[in-house]
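The basis for the numbers below is simple: all heavy atoms, side chains too, and nothing from hydrogens, waters or symmetry mates.
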2 protein chains.
Amino acid sequence: MRQDASPRQDQRDSASVTLQDIAAHAGVSRSTVSLVLRESPLVAERTRLKVQRSIKALGYVYNRGAAALRGSRTSTLGVVVYDIANPFFGAMVAGIDAALNREGYVSFLANSEDSPARQQRFLERMREHQVDGILLCPAEGTDPALIDTLDDWGMACVQVLRHVGEPPFDYAGANFHQGVCQAMNHLVALGHRRIAFLGGHSEHSATRERWQGYRESLEHHQLAYQRLLRSTVTRRDGVDMIEKLMAESPAPTAVVCHNDLVAFGAMLGLKRLGLVPGVDCAVIGTDDVEEASLGDPALTSIATHPHAIGEEAARLALRRIANPAGAREQVVLAPRLQVRDSCGAARPASDAAVPDPAAGEHA
Amino acid sequence: MRQDASPRQDQRDSASVTLQDIAAHAGVSRSTVSLVLRESPLVAERTRLKVQRSIKALGYVYNRGAAALRGSRTSTLGVVVYDIANPFFGAMVAGIDAALNREGYVSFLANSEDSPARQQRFLERMREHQVDGILLCPAEGTDPALIDTLDDWGMACVQVLRHVGEPPFDYAGANFHQGVCQAMNHLVALGHRRIAFLGGHSEHSATRERWQGYRESLEHHQLAYQRLLRSTVTRRDGVDMIEKLMAESPAPTAVVCHNDLVAFGAMLGLKRLGLVPGVDCAVIGTDDVEEASLGDPALTSIATHPHAIGEEAARLALRRIANPAGAREQVVLAPRLQVRDSCGAARPASDAAVPDPAAGEHA
DNA sequence: GCTAAGTTTTAGATCAATCTAAAAACAACC
DNA sequence: GGTTGTTTTTAGATTGATCTAAAACTTAGC
C-alpha cells in the first residue's frame, strides 16, 4: 500500500533489532558490529560494507540508552533558562540548538521561572539521566555552591548570561558593562548631560555589570546628574519609571534601559505624556530584539546577540565535556550600539546651563 | 569545610552508588531495593525504612538509563517547534514544561526552523533515545506519512497548533476558525463592511482554518468586499500589506491579521501613511501576546492562550503514553476576543453608501 | 506439630550496548 | 614449514537496573 522507501516491511513488527540480530544476519560477531557502528579503523573494508548492508536491511536503530550504560557519554545536555517566553531567551535557545545539532548532541530544556527549587528539581533529574553537561542561566537566588555541586556530580556546567559564585567558572555572555558605556558615550557626544538608567532587579551579575557601566560613565564624563531606578524589567515598568522621572525637576534628557521591553515602555510613557521619544527625551534599549527596528520611532539599542551567545555557550560546554580538566573559560561577546531614531540630540531649549558645542558636531 | 546537609562526604569519590551497594549496606537483596525505589506495596514497612536510610546514607542516584533499558518507559518526551524565538512558542513551551514537570517527565527540545530535514534528523535521534512520545508542531512541507511512521516507531505523537494528514490523530490547538468569526462579528457589529484579512503562508492547517473563518463570515454577513492577502507573518509583512491595501480604492475599513506581529506592522504602516489605527482603519490581531495591551493604540486581539495549549498538549501526550490504544483526541481551545482600542467603529465619513445604524449601538 | 495460605524476600536471567584481552587469520621472512 | 608480526575478529565480562519464578518466612487452622 504505502510506497515509501524505508524498509519497514522487512522488520518483525516493532520488536527492536539489536546488534545480535545484525551479527547473525551478517555472519559476524556482536563486537564487530559494534566496531562498525563506531567507525573503528580496526574493521576490514569488506566486513564493514557487509555489516552496513545488514544494518540497513534490518532497519536497525541505535540504542543510545544501552550505549550510555556501558560507555561514558550520553550525548545529551540540560539547558535551564528562567523565562523561555522572553524572545531573547528564545533566540538564545535557538543558537544553542543550532550548535548542538551540528555535533549530534540533543538537549533537555527546563524553564525555571526564576525558582531555585524548580531549578534544583530539574538538575537532579538531569543527573538521573546522566547528561554530559548543563547550560545554566541561574535562577534568581541560586546558591553559588550549586556550581561546585554540579562539578562534583561530574556534569560540565556553563553559566550563561548571568553567573553566580566566584571565577574561575565557565561562562558565556555579553559585555553589558561595555554596552552601557557605548550608549553613554553616544549620548554624551550628542550633548546629553542628564542621563538616567532604567531598570534592573536585585543582585544579578548581568544587572550589576550594567549599573557599573552607568556609574563609571557618569564619573568618566564628570556628569553630576545620577538617577538609577531599580525595577523588574517589563514594558509596564518602563511606562511607570519614565512617568515618574519626567515629573521630576530637573527631568533627564535621555534614558538608557535595562532591556528593550523597558525601552518600549519608556517610549510609550513619553507619548502618553505628550512628549516625543528621541526629541523630548532620548531612549536607548538593550538586546536589539527584532521589534526594535520597527518601533515608532525606531529604537536605538545595545545589540547583545542572543543567538551567538547561545552558540558560544554550547560550544564551550562541548569543549569542557571533551576536556573536563581544562582551564575554565569566559566567553564575553562585545555588544554593538545599533543607532536608530530614538536618541536625537538633547534639545538646546531645555534648561541646560551651557549648551554643549559638541552636540553640533555629532547631530 | 562546606556546611551543607548533603551527605557528600560519605560517598566514595564520584564513583556511582548502585542498587548492589545499597543492598549490601542495608543487608537485603538488590531486588528488594529495586522494589523500595518503585514504591512497591510488596515490601514490609521495616525493610522499607531500613533501605531508605541506606539510600540516603550512600547518596544514591537513580540511573534512569539503566532502568529504561530493562523497563518500557524513559519518562522523556521530544518537543519540536519551528520558531522558538517567537514568544508565542516560548509561552507554549513554558506550558508544556509546567505540565510535564508535575508528572516527573522531562523533554528534549528542537527548533526545526521549518525544515523537514532537520525535523527528521531530530526525530530519528529521539527514536535512538527512546523517548515515550513527541509533541510536534510540524515543519512546513512535512510529509503526512510522518505521523504513521512515528506510530510505527512506537512513539506517541501529539500534533500541536498545526496538523498534517487526516484524522484521527492526537492534536491540541486553538479554534482559529471560531476566533476569526468572533473578530468578524465584532467588526460587523461596529458597522464595518469592507474587511480584509492579512497574512498566512502556504497550506498550513492553522492558516486554512483562519481563511475559512474569514470567508464564511463574509458569506454569513453577506459582505461583497473580499480581500485576502497571503504572506509570511512578520511585522514587516504587516507594513507592506497595509500600505498596499490603503492605496486601493475602495480601501478596507478594517483588517484582521494572521497574528499580532502582522497587526503591529499594520498599525505602524497606517501611522506612516498619516492614518490613525482604530479610527481610520480598525486592526485586529491574533494570539494576544503580552505586547498587545501596550501598543499605541492598544491592540484588539484574538487570544489563543499558548500556555494553555502547551499544557493540554503535554497532558494529552501523557494520556496517550499511558494508553497507546485509546481513541485519538483533538483538544481545541476556544479563543477569546480581547477588545481594546485598535478597532473603533467604521467612520461615517468614509465612502460607505449607507451608514449602518448598528454602529451606534456598539460603539 | 503439621499443612495451607499468605506475605516478603531473593537468585538469576535479561535488556542492548561497550570493553578487554585473547584468539584467529593472514602475510612476510628465513 | 615454522616463526614472527600484523591485522581482524571474537568470546565473555560488564554496566545498573527490572522481571520472573521460586524460596523463605509468617500466620492461621485443625
Are OP1 or OP2 of [N] and a side-chain N or O of [X] less than 4.0 angstrom apart?
X     : N      : value
B:S29 : C:dT9  : no
B:T32 : C:dT10 : yes
A:S31 : D:dA11 : no
B:S34 : D:dC19 : no

Determine, using ring centers only, whether A:Y82 and A:F89 are less than 6.0 Å apart.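 Under 6.0 Å, so yes.
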
Could you please name the option among [options] that lies closest to any side-chain atom of [X]?
X     : options                : answer
B:S16 : D:dG16, C:dT9, D:dT18  : D:dG16
A:L35 : D:dT9, D:dA13, C:dA13  : D:dT9
B:A44 : C:dA17, D:dT14, C:dT8  : C:dT8
B:V28 : C:dA17, C:dT10, C:dA13 : C:dT10
B:N63 : C:dT18, D:dT18, D:dG16 : D:dG16

Separation of atom [atom1] in [X] from atom [atom2] in [N], rounded to whole Å:
X      : N      : atom1 : atom2 : value
A:R48  : D:dT7  : CZ    : C1'   : 16 Å
A:L19  : D:dG12 : CG    : C1'   : 15 Å
B:K50  : C:dT10 : NZ    : C1'   : 13 Å
B:L49  : C:dT8  : CG    : C1'   : 15 Å
B:L37  : D:dT18 : CG    : P     : 7 Å
B:L42  : D:dA23 : CG    : P     : 18 Å
B:Q20  : D:dT14 : CD    : P     : 13 Å
A:H129 : D:dG16 : NE2   : C1'   : 15 Å

Quick one, B:D151 with B:R328, criterion salt bridge (charged side-chain N to carboxylate O under 4.0 Å, His left out). Give me CA distance, side-chain angles, the key distance, then yes/no. CA-CA 12 Å; B:D151 201 56; B:R328 305 294 173 226; 3.7 Å; yes

Could you tell me if A:R125 sits above the aromatic ring of B:Y105, with its cationic atom closer than 6.0 Å to the ring centre and no more than 45 degrees from the axis?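 Cation-pi check for A:R125 and B:Y105: fails.
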
Assign each of B:R38 and B:L69 the nucleotide of DNA chain D bearing its closest heavy atom; nearer the 5' end lies the nucleotide of B:L69

5' precedence on DNA chain D between A:V43 and A:R30 (nearest-nucleotide basis): A:V43

Hey, does A:V33 reach any base, or is it just sugar-phosphate, or nothing, if we go heavy atoms under 4.0 Å?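 Answer is nothing: A:V33 stays at 4.0 Å or more from every strand.
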
Between A:R30 (side chain only) and A:L19 (backbone N and O only), is there a donor and an acceptor less than 3.5 Å apart?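 No, because the side chain of A:R30 does not come within donor-acceptor range (under 3.5 Å) of the backbone of A:L19.
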
For the pair B:F169 and B:H163, name the ring-plane relationship: parallel under 30°, tilted 30 to 60°, perpendicular over 60°.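 Because their plane-to-plane angle lies in the 30° to 60° range, the rings of B:F169 and B:H163 count as tilted.
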
Check whether the side chain of A:R70 and the base of D:dT15 form a donor-acceptor pair under 3.5 Å. no

Using heavy-atom distances to pick each residue's nearest nucleotide on DNA chain C, tell me which of B:E45 and B:A66 is more 5'.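 First, find each residue's nearest nucleotide; the 5'-ward one identifies B:E45.
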
Option passing side-chain hydrogen bond (donor to acceptor under 3.5 Å, both in side chains) with B:E124 (candidates B:Q120, B:R121, B:R127):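 Only one of B:Q120, B:R121, B:R127 forms a side-chain hydrogen bond (donor to acceptor under 3.5 Å, both in side chains) with B:E124, namely B:Q120.
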
